[in-house]
Amino acid sequence: MLLIAHPLTQIGPAFVIYLVVQLINQKKHWVGAGDLDIYFCLWLISSVLFLLWTTFIACIAALVYLIVAPWPKDSKIPFVPFISVGYFVTFQFQSVLLPLIS
């Protein structure tokens, strides 16, 4: 994977946005805090296109899981395992996937 070197002019505002989203998420609980941490760390080492594919594949994997497995009683599933699946699939097939939307 091609590592991206983000300039400080991008990292500063991204970190502020990350902190604001974390603060909002503490009150609303609309997404797991671990998901936000993982996405911020992945953004630091990769491109936005890579994250788009990672998220797309993670969502497909989560949908397949919900079709195959019984629906959770509290309607919550951990998304970090699906982010991991999306990351590894995108990493393995990035030479094919990334040019499709660039």
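- Between the CG atom of N25 and the CG atom of L36 there is a distance of 5.5 Å, given to the nearest 0.5 Å.
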Would you tabulate the side-chain donor-acceptor contacts of residues 26-33 under 3.5 Å, counting partners in other chains and residues two or more places apart, or write 'none'?
| residue | atom | partner | partner atom | Å |
| --- | --- | --- | --- | --- |
| H29 | NE2 | Q26 | O | 3.0 |

Would you give me the side-chain donor-acceptor pairs under 3.5 Å for residues 50-64, sequence neighbours excluded?
| residue | atom | partner | partner atom | Å |
| --- | --- | --- | --- | --- |
| W53 | NE1 | L97 | O | 2.9 |
| T54 | OG1 | F50 | O | 2.8 |
| T55 | OG1 | Y39 | OH | 3.0 |
| T55 | OG1 | L51 | O | 2.8 |

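- Pairing each heavy atom of P81 with each of P78, the nearest pair is CD-O, 3.6 Å.
- Atoms CZ and CD1, on F40 and I17 in that order, are 9.5 Å from each other to the nearest 0.5 Å.
- By the criterion of side-chain heavy atoms lying less than 4.5 angstrom apart, applied directly or through intervening Ile, Leu, Val, Met, Phe, Trp or Tyr residues, L23 is not grouped with V21; the two fall into different hydrophobic clusters.
- Follow the hydrophobic side-chain contacts under 4.5 Å out from I83 and you reach V48 in the same cluster.
- One hydrophobic cluster, built from ILVMFWY side chains closer than 4.5 Å, holds both L49 and L100.
- Considering only heavy atoms from C-beta on, Y87 stays 4.5 Å or farther from I38 through its side chain.
- Summarising the geometry of T90 relative to G86, their closest heavy-atom pair is OG1-O, 2.7 Å, with the distance given to 0.1 Å.
- Rounding to the nearest 0.5 angstrom, the gap separating the CH2 atom in W71 from the OH atom in Y65 is 10.5 Å.
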